[in-house]
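Structure first, commentary second.
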Number of protein chains: 2
Amino acid sequence: MKKEKVRERIIRVASDLFYRQGFNSTGINQIIAEADIAIGSLYNHFSSKNDLLQAYLVKEEFEWFKSFEEHSAKVSGPREKIFSLVDYRKKMQLSSKFAGCHFIKIVAEVGDSNPTVSGFVRQHKLKQKEMIRKLVDDYAENENIDEDLVTENIFLLIEGAVVTSMINKNSDSFDQIQKMIEAQMP
Amino acid sequence: MKKEKVRERIIRVASDLFYRQGFNSTGINQIIAEADIAIGSLYNHFSSKNDLLQAYLVKEEFEWFKSFEEHSAKVSGPREKIFSLVDYRKKMQLSSKFAGCHFIKIVAEVGDSNPTVSGFVRQHKLKQKEMIRKLVDDYAENENIDEDLVTENIFLLIEGAVVTSMINKNSDSFDQIQKMIEAQMP
DNA sequence: GTCTATACGGAGATAGAC
DNA sequence: GTCTATCTCCGTATAGAC
């Protein structure tokens, strides 16, 4: 196992804090304390706190798709992959104690004041939807369904479930949307 | 028309800033500047910035239900009321330029660090769902549907549509869930 | 009740020794 | 490349005159 580089450790610590506490509530001083480095080192690797935010988002997106691929490798077939996606997001929420979606949270907090961030999140969610769309298309080869509508339906149900599980601090909403999606994909 | 009291003006200005910029990104100094009062006056009316946050949430919840009642008064019948709810939330997002849901945003930003806030939002969303539930029950008297599932379905679709419209800065998701709900309520 | 002045801490970021 | 020391600004909140 390779030794973790300083830059990687900074991103890892900052990501965790941004996610759990929020971006604005996380100070540079806290990051350097938890990463056990000096402030000079941080600014040697990142030009600003905003630069660190970008690295955070890039890393989270990369890991999102990578982790899902690993999670869904256990099953085969488009229908199973879609349920695996629901299960993946449920497991992520459980393991983070229902801290919510990285991308929704950062847009809700930073929002319009940072177009780079909101643009990145928009693209990320679009990629998610396109992934669902491919699975739905695969499935539709043998079933007569409205691919557009089913794709949007699944996507929006998952987004609603993630937000609701964050608010309620439980995973009930994921169990519910599973039933709803089952009804959409007989 | 009654003259707006100082306290009301403070809440109005703070609410607008909290919603558009976020809670942490809004400073006391900005609030008093836009409300055109001195800092001493603010702390005469509110004991802290957190106190102001509470007032903001209480006001937004009150107006949420009041505005929806006015909006939905135009139509009658449970099915129509539900579509009126979708239309209400769509209109709210349009008029705020897709700034998102007050309650989701504040939980995403403040989250676990303020249990009073997260508890308030949880209760608020529960009230929304109970309102939907009553409408679904009314509708179910003449139709054979699974009330639990349909209620959750509508609720989660709306939450997903609100979040997605915030991210995409358009109201497409509301038009889509309308079709989906139509399919649920023949 | 509203004002001005100010306390006090922490924010993000930089300088310069090593 | 990493360190310590420090700069400047702005955050929330308080004191006390009027």
Side-chain angles (χ1 to χ4, degrees), chain A residues 2-59 105-106 108-117, chain B residues 2-59 105-106 108-117:
Chain A
K2 233 171 53 179
K3 190 164 160 275
E4 189 185 40
K5 296 285 202 308
V6 175
R7 186 190 152 88
E8 288 161 3
R9 188 165 76 248
I10 296 171
I11 295 180
R12 181 173 54 78
V13 167
S15 296
D16 185 54
L17 291 170
F18 290 166
Y19 184 43
R20 290 190 294 105
Q21 301 183 343
F23 177 71
N24 288 318
S25 302
T26 299
I28 295 286
N29 293 329
Q30 190 180 11
I31 295 170
I32 61 173
E34 295 206 14
D36 199 35
I37 53 160
I39 189 165
S41 298
L42 189 148
Y43 280 98
N44 190 23
H45 289 283
F46 299 94
S47 65
S48 68
K49 194 186 173 189
N50 241 289
D51 193 23
L52 199 42
L53 173 58
Q54 300 294 335
Y56 160 62
L57 292 176
V58 169
K59 183 199 133 203
K105 282 184 83 168
I106 197 67
E109 184 173 359
V110 167
D112 301 333
S113 74
N114 191 329
T116 310
V117 167
Chain B
K2 233 170 53 181
K3 189 165 160 278
E4 189 184 39
K5 296 285 202 308
V6 175
R7 186 189 154 89
E8 288 161 3
R9 187 166 76 246
I10 296 171
I11 296 180
R12 181 174 54 77
V13 167
S15 296
D16 185 54
L17 291 171
F18 289 166
Y19 183 44
R20 289 190 294 105
Q21 301 184 343
F23 177 71
N24 289 318
S25 301
T26 299
I28 295 287
N29 294 329
Q30 190 180 10
I31 295 170
I32 62 172
E34 294 206 15
D36 199 35
I37 53 162
I39 188 166
S41 298
L42 189 149
Y43 281 98
N44 189 24
H45 288 285
F46 299 94
S47 65
S48 69
K49 193 186 173 188
N50 241 288
D51 192 23
L52 198 43
L53 174 58
Q54 299 295 335
Y56 160 62
L57 291 177
V58 169
K59 182 200 132 200
K105 281 184 84 166
I106 197 67
E109 184 173 359
V110 167
D112 300 334
S113 74
N114 192 329
T116 310
V117 167

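Not measured: the values here are computed from a predicted model.
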Quick one: what's the B/S/- string for nucleotides 10-15 of chain C, heavy-atom cutoff under 4.0 Å, read 5' to 3'? -SSBB-

B/Ile37 atom CD1 is separated from C/dT4 atom P, nearest whole Å, by 12 Å

Given atom CZ of A/Arg9 and atom P of D/dG1, what is their separation to the nearest angstrom? 14 Å

Nearest-0.5 Å distance that lies between atom CG in A/Leu42 and atom CD1 in A/Ile10: 4.5 Å

Can you pull the side-chain hydrogen bond (donor to acceptor under 3.5 Å, both in side chains) pairs that have at least one residue in residues 28-45 of chain A, sequence neighbours excluded? none

Between C/dG1, C/dC3, D/dC3, which nucleotide gets closest to the side-chain atoms of A/Ala38? D/dC3

Cation-aromatic face contact B/Lys105/B/Phe18, 6.0 Å, 45 degrees: no

Residues that B/Tyr56 engages under side-chain hydrogen bond (donor to acceptor under 3.5 Å, both in side chains), provided they are two or more places apart: none

For A/Asn44 and D/dT4, give me the distance from atom CG to atom P, rounded to whole Å. 15 Å

In whole angstrom, what separates B/Phe46's CZ from D/dT12's P? 15 Å

Is a donor on one side and an acceptor on the other found under 3.5 Å between the side chain of A/Glu8 and the backbone of A/Lys5? yes

Might you work through the salt bridge (Lys or Arg N to Asp or Glu O under 4.0 Å) test for A/Arg20 and A/Asp16, ending with a clear yes or no? CA-CA 6 Å; A/Arg20 290 190 294 105; A/Asp16 185 54; 3.0 Å; yes

Expressed in angstrom and rounded to an integer, what is the separation of B/Asp51 atom CG from D/dT12 atom P? 14 Å

